[in-house]
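Counting starts at 1 for both ligands and their atoms, in listed order. For the numbers below, each heavy atom of this structure counts, side chains included, while hydrogens, waters and symmetry mates do not.
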Amino acid sequence: MYISFIILILLNFSKCHGLDRLNLGGFWRLNGTNQEHKILNATVPGGIFSDLLLNKIIEDPLYDENDQKYKWVGESDWIYYRNFTVPESMLGYNNINIIFEGLDTIASIYLNGIHIGNTSNMFVRYIFDVKHVLSLGTNQIEILFTSPVQMGKKLANDSLYPIPPQCPPNDYRGECHVNQLRKMQASFSWDWGPAIASMGIWKDVYLEGSNSSVIRYVVVELIEDSANDLWNVKSKTYLSKTSGTKADDTKIIYRIEADFHTNLIFVEDVNGTIFDLDEPVIENTVQVSKNVVKRWWPNGYGEQNMYNFNVSIISPGGNDTFIQRIGFRTVELVQEEIKGSKQEKWGNTFYFKVNGIPIFAKGSNYIPSSILPEKGQDKKLIDSILQTARDSNMNMLRVWGGGIYESDYFYQRTDELGIMVWQDFMFACALYPTREEFLENVRSEVNHQVKRIASHPSIVLWAGNNENEAAITGNWYRSNGKQIYNDDYKKLYKQTIRTEFQKLLEGGIFLLSSPSNGIKTDEDGGISKNPYDLRYGDDHTYIYALDGFNPNIYPIPRFSSEYGFQSYPAYSSLKKSTSNESNLVIGSSFLEGRQHHPLGDLEMTLLISYQFQLPPRNNANYTRVFIYYSQVYQAAAIKTETEHYRKYRSILNLDGTGLTMGALYWQLNDVWLAPTWSGMDVTGKWKILQYLIRDAFAPLITVGQLTPYGSLDLTIVSDKTVLTDATLSVEVFKWNSFTPIAKIEKNVSMEATSSKTVMSMQTSEYLTELGCGQLSNAANNCFFTLNLLNGTTKLAPENFVFPKPLHDSNLQTPKIKITSVTTISSDKERRFKIVLKTSQIALFIWLECGEVTGKFSENGFHQITSTKTIYFETDGDISSEELRKTIAISNILSVSEMY
Ligand code: BMA
């Protein structure tokens, strides 16, 4: 084998011949098997709910109680069909395939009346040879979709033993047996979403004619060779099955468009015999000097440098070129043994190292951007969610296992934004069948999805499923003691998914489940007694009965990949969910119908009561107050929990817990207007959480937390990669004055990527000394502010410690008003300056401007100075006077009745 290496030569091989594609998307027809709905119009890519909406057969399924009303859609079968014209040029090719990038889910396909194939997995790309079925001129394609609801039922009936859970909890108002199907698991309902049993051609479909090999995937793994200052670019180029590309004079050419206009070009002759295989693959490693490329970094650590890696296959029959974007980075998941002072085993570390730097993972969990799979491909929608992640100082998102493997565009954007991806395989909260057909189906899914997306530098880890190990060990579905379920679990995740995964990626990082104990789970044979062991792997935590403002209630895991609290979306958003505003009352059957989390409202009420006083239920403003408090509570509790995890990045406790290195809260986004765990609602509006989490995820933070022993620990956390010299400034305020009564300063030298508790004080004693009151009530009268300064420059967001529950604190009722709104920029993106004046210290000030979309520079903030300036940006056409009139102001002692 020889590889020639040429620099700075441009070859013109991108123009393909011998290959043609005919897009079959666009206008289709649709038939219900129910004769009433004959001949409807359809759009491809699309889906049944979108199409019926366009045909005015149904209204928006996410509006009112339409999710319930339109269950018949998912219970029916549907036929999609169209005619298309095949030109002579297409028929001339040696190979003609029809390619479906995504069919949802159970379908039979007919071309000119001839059955060409069946599908049963929405995550698989289906390719059917149609060379002998096509004819010149008009052809007809017909796809029969079987109701996934009916198919789920049938498969469950046929199953030799039950595969639990058969149905979701009643509160979900969902469909049963989704675990029998390889389809988005959340499409049969979830605790944050409706049952929309989708069907359809959700991705592109096209005809492909070729005379030679077509490149299906290029999978790249980048391996650093430090000794030689090189990157090894290891690639596997997967080709189509062809008749034609047999000649020995076929070449493969790799081209990397590096820095300084350097094109690195590598050419290799390909041995003709490989083309006899079902899926020919060409493996190669080319070397790139480190001088000509820059590294890819996660958000917060450097630039997201990306390069084009072009692979071309050149043969007498024709050429094909595939462009794979790559980013040079190394990633490790470090799981090293931790030992106590007596050499006792304290578990393992669990953290990511990217380019040699230990990274604290900060982020959230991504659920599908739409419950309609076809809408979830929308670039604008993806942009707005991912930009929120980036703007919130996140560096990681977990693409959760009940949704979909996201679109190519999604991963392109996570690459560009520096958002690392923890990628689950799409299995969640259930046990799964292991009949051979099912396993074969899963193999195809793993095969396609890993090859499609694994080369993205942002994807750093793959996990077999969401919570299915926990479900077995925790006996969630009464599977306890039944060996068959344990065996099935191992068969699916270890023997099938992991085995398949490892065939494809040598250096891929794989966990069997989330949460799991990482490599300890393997030592335990694939199922640990307690997958939630804090000293190993990752953890999921939800605490709904204790006060989330108290940091001492939270566990101290190595990595928290899920934690969260519910809240309601803004009233102004909720209004968009119903035609009948009288539905929007907490406790109404409409809102109860959208609360899928059993006892969710009750839990929120309890949590709110730990800190705030809700008005009586018959108060006219009760719903708005409830919404606002639910958001404040969620935001402050998640902020507290996040800071708690970050605090432990360098702290190892005597019970072996600590060294926490990840905080991914549940959940980033939403699919409909309902009480859920999200930080942004489905209209794109940020809840209070989204503003507060940005501070909790800042590179440098101060954390003030009261210990169970009454002392206040002040900790600094630095994700910076350099030493930071700073002054920690602690001020004490009485609730009734803008002037602090005391200030302590301490110079600190913060080591790179570490956390350190730098000060500790007995809270009540200290506040008593300062004159806040008696030992028994001093903590009710005063609070702390924390700042990290370099001179007068703030290095970290200002932080606060409220030593008592807020309803026991001596807050004075503030009068807050806007003193001015001025236009700073009237470009397309308008920017306004807003000055607020308050008569008293005010907490969690929330500015709402109803229908006007936009973002405040800060919101949900505390005002401890009499005036404060903030900014508002909108693409709406609004004047400063109009904006001023629309802004409604709330704080914890008075909630606005507007919106
Ligand atoms: C986690 C997730 C989801 C769920 C969330 C909130 O366990 O994996 O299944 O939506 O909790 O309950």
Side-chain angles (χ1 to χ4, degrees), residues 164-165 167-174 178-179 184-196 363-369 371 396-404 422-432 463-477 493 511-516 531-532 537-545 548 554-555 557 559-569 594-604 607 630 634 637-638 641 662-672 674-682 687 689:
C167 295
N170 288 342
D171 298 72
Y172 289 23
R173 308 175 111 202
V178 73
N179 53 351
M184 182 208 284
Q185 298 291 285
S187 69
F188 276 26
S189 78
W190 214 262
D191 57 5
W192 40 257
I196 302 287
S364 186
N365 283 268
Y366 195 96
I367 62 164
S369 37
I371 203 69
M396 184 179 281
L397 289 174
R398 171 167 172 249
V399 175
W400 164 81
I404 58 168
W422 169 310
Q423 177 69 49
D424 281 357
F425 283 94
M426 294 302 136
F427 300 84
C429 300
L431 308 188
Y432 284 86
N465 65 71
N466 172 74
E467 298 184 348
N468 298 353
E469 184 193 359
I472 288 187
T473 59
N475 197 23
W476 295 0
Y477 311 124
Y493 303 107
L511 294 176
L512 285 168
S513 184
S514 173
S516 84
Y532 292 94
D538 64 322
D539 186 50
H540 294 186
T541 301
Y542 293 91
I543 301 175
Y544 299 129
Y554 299 116
F559 192 110
S560 184
S561 46
E562 273 191 29
Y563 58 100
F565 292 88
Q566 278 204 325
S567 72
Y568 268 87
R594 290 196 169 217
Q595 174 55 285
H596 286 188
H597 173 53
L599 304 180
D601 278 20
L602 206 69
E603 285 167 358
M604 273 188 274
L607 293 176
S630 75
Q634 176 200 35
I638 291 186
E641 191 166 354
L664 310 178
Y665 70 82
W666 184 267
Q667 67 196 64
L668 179 64
N669 53 319
D670 256 342
V671 297
W672 73 336
T676 74
W677 292 256
S678 76
M680 65 191 291
D681 73 34
V682 71
K687 294 178 178 175
L689 169 62

Q.
Checking Y432 now: which residues fulfil side chain to side chain donor-acceptor pair (under 3.5 Å) with it, not counting sequence neighbours?
A. Q185
Q: List in chain and number order the residues that pass side chain to side chain donor-acceptor pair (under 3.5 Å) with R594, two or more places apart in sequence or in another chain; answer none if no residue qualifies.
A: none
Q: Measure from the ring center of W400 to the ring center of W192 and say whether it is less than 6.0 Å.
A: yes
Q) Near ligand 1, which protein residues have a heavy atom under 4.0 Å away? A) W190, D191, W192, W400, C429, N466, E467, Y542, E562, W666, W677
Q) Taking only residues two or more places apart in sequence, or in another chain, which ones meet Y493 in a side chain to side chain donor-acceptor pair (under 3.5 Å)? A) N468
Q) Donor-acceptor pair, S364 side chain versus L668 backbone, under 3.5 Å? A) yes
(Q) In terms of relative ring orientation, are Y544 and W677 parallel, tilted or perpendicular, with 30° and 60° separating the classes? (A) tilted
